[in-house]
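Here is the structure we will look at.
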Amino acid sequence: MSALPSTPATARRRVPAIAVVAFIVAVAAGLLVPAVVSSQLALTLMTQAVITAVLATGIGFLMRQCGLTSFGHAAFFGIAAYTVALNGKFGVLPTELAIIAAILLPAALAFVAGLGIVRMPALAFSMLTLAVAQAFYEIMLRWRELANGDDGMAVRLPSQLFGLDIETFQQPGSMFSVCWIVLVVTVAGLWLLSRSRFGLLTVAIRENEERARFIGYETVVPRALVYALSAAVAAVAGVLFVLYNAFVTPGTLYWSLSGEGIVMAVIGGAHAVWGPALGSVIFFLLKDAAGDLTEHWPAIIGATLIVVTVLVPRGISGLIIALFQKLKGGRR
């Protein structure tokens with residue numbers, strides 16, 4: 001007896017081929033953008049959008065697999081950024097190792113914390129993640145001797161990183177390509193994981209945890225692992241942020257950053273792994289367009305969120321998938 005749905009053999013053969021083509025096209029598109037877009041301002045905004053898209057992807061994956069909404073992923077984003085920054089200040093590790101540690105540390109913290117808090121009801125989980133993130137924010141805000149408080153701190157980086165000149169990570173054109181490739185690889189990896197036995201198990205637990213437990217599956221550890229993985233994705237975004245800006249402030253730990261990620265995930269649709277990334281693009285386009293019209297642009301974003309939530313519960317990605325399936329059915 002198994003609670004996990006099976007995929008027809010024909011679909012298993014067909015989908016990976018489409019996925020490989022989509023992956024190659026996506027990577028190629030990201031590499032071509034800097035050659036097509038000449039505006040440094042536009043490339044800067046696009047790079048920031050992609051970095052935030054990585055964060056939103058981590059938040060959306062947790063929503064998709066576990067049905068949990070985290071208001072504390074800014075903590076993992078900020079911890080990663082501060083880990084790289086503080087290592088540059090004290091010189092404890094080579095920067096490459098510090099970057100790896102900056103990704104693994106938030107993941108480990110999330111796993112240990114997740115063993116306890118994923119047992120909580122969804123609302124309690126959200127509030128606990130918010131409280132933890134705000135605690136880290138207050139630490140970095142008030143401990144001026146460590147991180148210079150609200151003034152922030154410049155990040156010391158070596159002249160070369162992973163064999164590349166540091167300018168590669170700080171020029172908008174080249175950094176956009178780096179961030180885009182990281183985003184595409186992250187989305188592809190999470191998509192493959194969601195189709196695996198582990199991914200199907202976590203969805204089954206999300207739908208009916210009691211039933212999954214009744215037929216013999218452990219339910220807490222898989223959910224904690226998903227939480228840790230989503231934290232690692234948020235940490236990757238934090239590393240990209242600090243490499244690009246070479247500056248970090250307590251604002252990277254503030255709850256509003258998590259809120260923006262949730263808005264992106266809802267607009268784009270967390271039911272598709274790539275939905276939050278799409279939501280990030282839509283968010284930044286709306287923000288830029290609305291910011292030119294009025295200083296009250298958050299109201300426009302809020303109205304868009306309400307419209308999408310009411311009319312398109314599965315987000316823009318869900319609408320795209322539904323249209324594609326309809327067209328596919330019509331051809332048949």
Side-chain angles (χ1 to χ4, degrees), residues 4 19 23 50-81 83 99-120 122 125-126 128-129 132-133 136 179 181-207 209 212 217-241 257-258 261-262 264-265 268-277 279-280 317:
L4 303 182
F23 178 83
V50 174
I51 292 173
T52 311
V54 177
L55 172 63
T57 299
I59 295 174
F61 189 71
L62 178 64
M63 295 168 67
R64 183 187 191 277
Q65 298 299 127
C66 294
L68 297 172
T69 303
S70 170
F71 283 91
H73 265 54
F76 307 126
F77 182 96
I79 288 172
T83 298
I99 289 173
I100 295 172
I103 297 171
L104 295 180
L105 178 60
L109 290 174
F111 178 72
V112 173
L115 291 174
I117 63 175
V118 296
R119 304 169 188 260
M120 303 290 183
F125 174 87
S126 298
L128 281 171
T129 57
V132 170
F136 280 108
C179 294
I181 292 172
V182 170
L183 175 62
V184 172
V185 171
T186 299
V187 170
L190 294 178
W191 180 78
L192 290 173
L193 181 63
S194 70
R195 290 170 51 83
S196 70
R197 186 173 180 82
F198 175 79
L200 295 175
L201 172 60
T202 54
V203 171
I205 294 171
R206 181 198 71 193
E207 293 300 316
E209 183 177 359
Y217 288 108
E218 166 63 42
T219 61
V220 173
V221 173
R223 298 175 81 196
L225 285 172
V226 171
Y227 184 46
L229 180 59
S230 69
V233 174
V236 169
V239 169
L240 293 174
F241 173 87
L257 181 60
S258 300
I262 293 171
M264 294 171 189
H271 291 276
V273 176
W274 50 271
S280 175
S317 64

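Both backbone and side-chain heavy atoms feed into the values below; hydrogens, waters and symmetry mates do not. Worth saying up front: this structure is predicted, and the values here are computed from it rather than measured.
For Ser70, the side-chain hydrogen bond (donor to acceptor under 3.5 Å, both in side chains) criterion is met by His73, not counting sequence neighbours. Applying the side chain to side chain contact (heavy atoms under 4.5 Å, CB included) test to Ala272 and every residue at least two apart in sequence or in another chain returns Trp274, Ser317, Ile321. Not counting sequence neighbours, the partners of Val184 by the side chain to side chain contact (heavy atoms under 4.5 Å, CB included) test are Phe23, Ala26, Val27, Trp180. For Thr219, the side-chain hydrogen bond (donor to acceptor under 3.5 Å, both in side chains) criterion is met by Glu209, not counting sequence neighbours. Looking at residues two or more places apart in sequence or on another chain, you find no salt bridge (charged side-chain N to carboxylate O under 4.0 Å, His left out) involving Arg64. In this structure, Phe61 has no ring-ring contact (aromatic ring centres under 6.0 Å, His included) partners at least two apart in sequence or on a different chain. Remark: Leu192 pairs with no residue by the side chain to side chain contact (heavy atoms under 4.5 Å, CB included) rule, at least two apart or across chains.
Residue Ile205 comes nearest to Ala212 through the heavy atom pair CG1-CB, 3.9 Å, listed as atom of the first residue, atom of the second, then distance. The two residues Phe71 and Ala133 make their nearest non-hydrogen contact at O-CB, 4.3 Å. Taking each heavy atom of Gly269 and Pro276 in turn, the nearest pair found is O-CD, 3.5 Å.
Rounding to the nearest 0.5 Å places CG of Leu201 at 6.5 Å from OH of Tyr217. Atom CZ in Phe136 sits 8.0 Å away from atom CZ in Phe76 (nearest 0.5 Å). Atom CG in Leu193 sits 12.0 Å away from atom CH2 in Trp191 (nearest 0.5 Å).
In terms of modelled atom types and a separation under 3.5 Å, the side chain of Ser230 and the main chain of Ile59 share no donor-acceptor contact. Checking side-chain atoms of Arg119 against main-chain N and O of Leu115 turns up a donor-acceptor pair under 3.5 Å.
Contact check for Leu229 versus Leu190: side-chain heavy atoms found under the 4.5 Å cut-off. In this structure, the side chains of Leu68 and Tyr227 stay at 4.5 Å or more apart for every pair of heavy atoms. A 4.5 Å side-chain heavy-atom check between Val203 and Gln65 finds at least one atom pair inside the cut-off.
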Would you list the atom pairs, donor with acceptor, under 3.5 Å between side chains in residues 100-112 and any protein atom, with sequence neighbours excluded?
none

What pairs of donor and acceptor atoms, side-chain ones from residues 51-58 against any protein atom, are under 3.5 angstrom apart with sequence neighbours left out?
from: Thr52; atom 1: OG1; to: Gln48; atom 2: O; distance (Å): 2.9
from: Thr57; atom 1: OG1; to: Ala53; atom 2: O; distance (Å): 2.7

Output side-chain donor-acceptor pairs under 3.5 Å for residues 231-241, partner residues at least two apart or in another chain, one line each.
none

